[in-house]
Amino acid sequence: MRMSCASYFILAALSLPATALAGEQVLEFKLVTKPIDVKISEVANVEGQTVTSGKMFGVAFFKDGRIAVKDFVNSADLLKGSGPIYGYSTYTFDDGSSITARYTGAIKDGRAKGEYTILSGTGAYANATGTGGFESVQSGFKGAGLYDGRFIVKTP
């Protein structure tokens, strides 16, 4: 029995492992953030040492035209304004899809830079994994931060 060319391609596609059908997207964005409920504690007997934690909020403007709100918690251990930061972020798009990621990074010379590890997602990003990063950029915003960001999202 002869197999048509189309039948051959369908059979070949069906025999591929499921991981071959998984998708990977690079999502680049600009992010504006603002502290909402933050507590700064000065460390006793260590000049310039502070520990900060609290809730923050942001809006991300993606290169593909979509917008997401970012709810996150942030923690920092800073000596004279420099030191490590970490937190958890959830970016929620207007269709209800979301990406939740943990980040780690540092503030040095007034600039923040860090890396994301995607923990989960919903909707279009259900069961997402991946990585990403962010870096602060100069802005004239008073009391708010401006960042360039990027996710490399892997979906099953």
Side-chain angles (χ1 to χ4, degrees), residues 17-156:
T19 56
L21 300 176
E24 182 174 292
Q25 285 183 295
V26 175
L27 304 175
E28 294 181 334
F29 55 92
K30 289 278 192 195
L31 172 67
V32 179
T33 65
K34 180 116 175 121
I36 300 298
D37 183 17
V38 175
K39 180 168 171 72
I40 301 171
S41 300
E42 292 182 14
V43 176
N45 301 318
V46 181
E47 180 69 29
Q49 187 75 48
T50 60
V51 175
T52 305
S53 66
K55 291 184 176 188
M56 315 246 321
F57 181 79
V59 178
F61 301 89
F62 287 78
K63 267 192 171 177
D64 64 9
R66 295 182 302 152
I67 299 173
V69 293
K70 176 183 178 176
D71 288 298
F72 64 114
V73 292
N74 183 70
S75 183
D77 184 3
L78 306 177
L79 178 60
K80 297 179 182 171
S82 295
I85 59 173
Y86 72 92
Y88 294 86
S89 302
T90 297
Y91 289 78
T92 304
F93 296 86
D94 64 353
D95 70 355
S97 297
S98 67
I99 295 171
T100 297
R102 183 180 196 288
Y103 64 87
T104 59
I107 298 174
K108 184 176 181 184
D109 300 325
R111 308 278 307 239
K113 186 174 183 176
E115 296 179 356
Y116 287 112
T117 299
I118 297 173
L119 303 174
S120 65
T122 64
Y125 301 108
N127 302 311
T129 60
T131 59
F134 63 89
E135 187 168 347
S136 63
V137 295
Q138 280 292 78
S139 81
F141 297 132
K142 186 157 182 86
L146 179 62
Y147 301 84
D148 285 329
R150 180 174 137 156
F151 286 126
I152 302 169
V153 183
K154 297 175 186 173
T155 52

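Side-chain atoms are counted along with the backbone in the values below, which use heavy atoms only and exclude waters and symmetry mates.
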Donor-acceptor pairs are to be reported for all side-chain atoms of residues 46-72 against protein atoms at under 3.5 Å, with residues two or more places apart or in another chain.
unit_1	atom_1	unit_2	atom_2	d
Q49	NE2	D77	OD1	2.6
Q49	NE2	L78	O	3.2
K63	NZ	E28	OE1	2.9
D64	OD1	R66	N	3.0
D64	OD1	R66	NE	3.3
D64	OD2	R66	NE	2.9
D64	OD2	R66	NH2	3.3
R66	NH1	Y125	OH	3.2
R66	NH2	Y125	OH	2.8
K70	NZ	S89	OG	3.3
K70	NZ	Y91	OH	3.3
K70	NZ	Y116	OH	3.3

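- For K34, the salt bridge (Lys or Arg N to Asp or Glu O under 4.0 Å) criterion is met by no residue, not counting sequence neighbours.
- Of the possible donor and acceptor atoms, one in the side chain of S136 sits under 3.5 Å from a partner among the backbone N and O of A112.
- Once rounded to the nearest 0.5 Å, the distance linking CG of N127 with OG1 of T155 reads 9.5 Å.
- Atoms CG and OG, from D109 and S82 in turn, are 5.5 Å apart once rounded to the nearest 0.5 Å.
- Residues R150 and V26 have side chains in contact (heavy-atom distance under 4.5 Å, counting atoms from C-beta outward).
- In terms of heavy-atom proximity, S139 sits nearest to A144 at OG-O, 4.4 Å.
- Side-chain contact between D148 and F29: absent, with no pair of heavy atoms (C-beta onward) separated by less than 4.5 Å.
- Between V153 and L27 the shortest side-chain heavy-atom distance falls below 4.5 Å.
- A donor and an acceptor atom, one from each side chain of T100 and T90, are located under 3.5 Å apart.
- Of all heavy-atom pairs between I152 and I118, the closest is O-CD1, 3.9 Å.
- With rounding to the nearest 0.5 angstrom, the NZ atom of K30 is 5.5 Å from the CG atom of L146.
- Contact of the F134 side chain with the L31 side chain is not registered, since no non-hydrogen atoms from C-beta on lie closer than 4.5 Å.
- Side-chain contact check for I99 versus F93: some heavy-atom pair is nearer than 4.5 Å.
- When atom types are taken as modelled, the side chain of S97 and the backbone of G123 share no donor-acceptor pair closer than 3.5 angstrom.
- Atom OG1 of T33 is separated from atom OH of Y147 by 4.0 Å, given to the nearest 0.5 angstrom.
- Closest heavy-atom contact between A126 and P156: O-CD, 3.6 Å.
- Residues satisfying the side-chain contact (heavy atoms from CB on, under 4.5 Å) criterion with Y88, sequence neighbours excluded, are V73, R102, L119.
- How far CD1 of I36 is from CG of N74: 12.5 Å, rounded to the nearest 0.5 Å.
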